[in-house]
Amino acid sequence: MEVSLNINGVTHTHDVEPRTLLVQFIRESAGLTGTNIGCDTSSCGACTVHLNGESIKSCTVLAAQVDEMEITTIEGLAESNGDLHPMQQAFHECHALQCGYCTPGMVMACVSLVNENEDLTESQVREGLEGNLCRCTGYHNIVKAALQASES
Amino acid sequence: MIPANFEYVRVDSVEGALEALKEHGDEAKLIAGGHSLLPLMKFRLAAPAFLVDINRLEELKYVEEENGHLRIGALTRHCDVENSELIKTNAGLLADATHHVGDPQVRHRGTIGGAIAHGDPASDIPSALIALRAIIIVSGPSGVREIPIDDFFTGFLETDLNEDELLTEIKVPKAPDAKWSFQKFNRRAQDWAIVGASILLDENNSGVSLINMHSTPFRSTVVEQAIASGATAEEASEMAAEGTEPTADINASIDYRKHLARILVKRGLEEAGR
Ligand SMILES: Cc1cc2nc3c(=O)[nH]c(=O)nc-3n(C[C@H](O)[C@H](O)[C@H](O)COP(=O)(O)OP(=O)(O)OC[C@H]3O[C@@H](n4cnc5c(N)ncnc54)[C@H](O)[C@@H]3O)c2cc1C
Ligand code: FES
Ligand code: FES
């Protein structure tokens with residue numbers, strides 16, 4: 001079937017099987033490999049992207065289900081002149097990543113969290129990131145980055 | 001992991017959904033948020049031949065108030081339930097239970113109708129709805145049925161829904177003055193409940209329901225009766241494991257689950273002011 005997604009402002013139309021997962025469409029059909037697959041069972045959050053501005057786990061959505069909708073991936077955050085999104089900048093400044101595997105999903109989850117909540121507290125950030133696992137950092141600097149970006 | 005292949009049909013109305021179900025018979029499966037069904041399909045524990053996508057049934061996305069009830073459309077996402085002022089004011093227990101489902105990403109996709117239709121005894125949402133005495137509204141080829149929630153769950157992952165029926169609405173009696181508590185015990189924030197309890201104390205009506213303590217979402221009539229006859233939180237909670245048939249798994253033995261049920265009901269009753 002034909003699936004057409006607007007990913008980061010660009011329309012990607014491909015003929016795919018109905019069983020194609022959104023994350024496969026993003027990585028394999030659209031060639032945007034910034035979005036990672038970690039657990040493939042909706043537990044780790046590495047595959048987090050935005051659907052119409054809200055965070056979702058793209059390993060647990062069919063591409064067909066979101067046909068003709070708007071997807072934002074990590075590649076779509078920075079300005080076209082290369083200026084980082086405030087959340088990316090905060091991750092950079094707070095040293096919120098080590099191996100970087102969880103980072104695309106973490107950043108997308110943090111942006112959605114900040115967009116949905118005014119005056120985020122530390123405990124709201126910790127709770128709001130419950131669906132994203134990081135095996136390296138111990139979360140501390142990720143939380144710091146999310147709070148820093150939420151203030152800017 | 002990729003699901004087995006299937007044919008995909010998208011519908012945009014209740015009528016369209018019912019027609020698709022009629023046409024494809026028992027080979028068809030509805031998909032709402034897909035957050036229970038897709039994981040099963042990826043593990044190949046489910047392999048429907050036809051998938052009927054109901055995500056775009058805008059007519060079933062609403063929270064409204066009517067006389068003494070809230071009416072919640074089946075396709076309302078968890079995030080819209082947990083943030084609805086109407087639900088927070090009139091059925092705070094449901095908003096809080098929904099807030100404890102999975103994580104924000106899951107709550108952006110999963111729907112209240114899907115959570116009920118799946119019939120999972122480990123799910124948070126049916127438990128809150130049992131305590132609140134909700135009514136489930138279903139449309140099928142022969143019209144509309146109203147099913148009291150106590151008659152809805154018929155077995156492990158089994159409900160009173162027929163294969164050609166669509167769950168359209170949940171009717172929740174308003175309980176703005178009730179005291180309530182939602183208790184969920186798990187090891188990691190996003191996990192399912194190892195055991196949980198929903199407690200609702202209203203002037204002359206109480207609702208007590210347990211999560212993951214039986215083959216179906218479970219109403220503890222024993223505890224409800226104890227409360228009605230004046231038992232303290234301590235006394236009533238001692239009976240919380242009665243009538244339950246929990247199973248053992250990697251997280252908990254049967255005895256530990258029963259212990260948790262007693263502890264969580266006690267905490268819940270106390271938090272609700274008993
Ligand atoms: C990582 C993760 C963590 C989770 N954690 C929790 C948790 O802590 N607590 C909890 O309670 N839940 C949890 N869930 C489950 C979540 O709440 C699901 O969203 C919900 O159980 C199913 O809703 P859905 O819309 O995704 O349904 P789907 O998966 O689309 O459907 C589920 C079943 O219901 C049927 N169905 C769906 N809608 C209808 C309808 N309108 N009429 C008739 N049949 C219908 C489908 O055919 C299918 O059989 C979790 C899920 C994930 C992926
Ligand atoms: S890969 Fe999607 S949640 Fe882990
Ligand atoms: S930085 Fe390595 S998993 Fe998070």
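When reading the values below, keep in mind they use all heavy atoms of this one structure, side chains included, and skip hydrogens, waters and symmetry mates. Residue numbers begin at 1 in each chain, while the letters A, B, ... track the order of the sequences.
Within the 4.5 angstrom heavy-atom criterion, no atom of B:Leu37 approaches chain A. B:Arg188 does not touch chain A: none of its heavy atoms, backbone or side chain, sits under 4.5 Å away.
Nearest heavy atom pair, residue B:Gly34 against residue A:Thr60, reads O-CG2, 4.1 Å.
Using non-hydrogen atoms only and a strict 4.5 Å limit, no part of residues 144-152 of chain A faces chain B. Residues from residues 5-33 of chain A that place a non-hydrogen atom less than 4.5 Å from a non-hydrogen atom of chain B comprise A:Glu17, A:Pro18, A:Arg19, A:Leu21, A:Gln24, given in numerical order. For residues 62-96 of chain A, heavy-atom neighbours of chain B at less than 4.5 Å comprise A:Leu62, A:Ala64, A:Gln65, A:Val66, A:Asp67, A:Met69, sorted by residue number. Residues of residues 105-133 of chain A that come closer than 4.5 Å to chain B, counting heavy atoms only, are A:Ala109, A:Ser112, A:Glu116, A:Glu127, A:Gly128, A:Glu130, A:Gly131, A:Asn132, ordered by residue number.
When each of A:Ile37, A:Ile56, A:Asp40 is scored by its heavy-atom pairs under 4.5 Å with chain B, the top score falls to A:Asp40. Between chain A and the residues B:Asn55, B:Ile2, B:Asp191, the most heavy-atom pairs under 4.5 angstrom are made by B:Ile2. Between chain A and the residues B:Ala4, B:Pro39, B:Pro3, B:Gly33, the most heavy-atom pairs under 4.5 angstrom are made by B:Pro3. Looking only at heavy-atom pairs under 4.5 Å with chain A, the residue among B:Arg107, B:Met41, B:Arg56 that has the most is B:Arg56.
Within 6.0 Å of atom CD in B:Glu15, 12 or fewer heavy atoms from other residues, nucleotides or ligands are found, so the atom counts as exposed in its surroundings. For CZ of B:Arg44, the number of neighbouring non-hydrogen atoms (other residues, nucleotides, ligands) closer than 6.0 Å is greater than 12. Heavy-atom contacts from other residues, nucleotides or ligands closer than 6.0 Å to NZ of B:Lys179 number 12 or fewer.
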Working for side-chain contact (heavy atoms from CB on, under 4.5 Å), residues A:Val61 and B:Arg109: CA-CA 9 Å; A:Val61 174; B:Arg109 282 304 286 169; 3.9 Å; yes

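Looking only at distances, a side-chain donor or acceptor of B:Lys42 sits under 3.5 Å from a matching main-chain atom of A:Cys59. A side-chain donor-acceptor contact under 3.5 Å links B:His108 to the backbone of A:Ser55.
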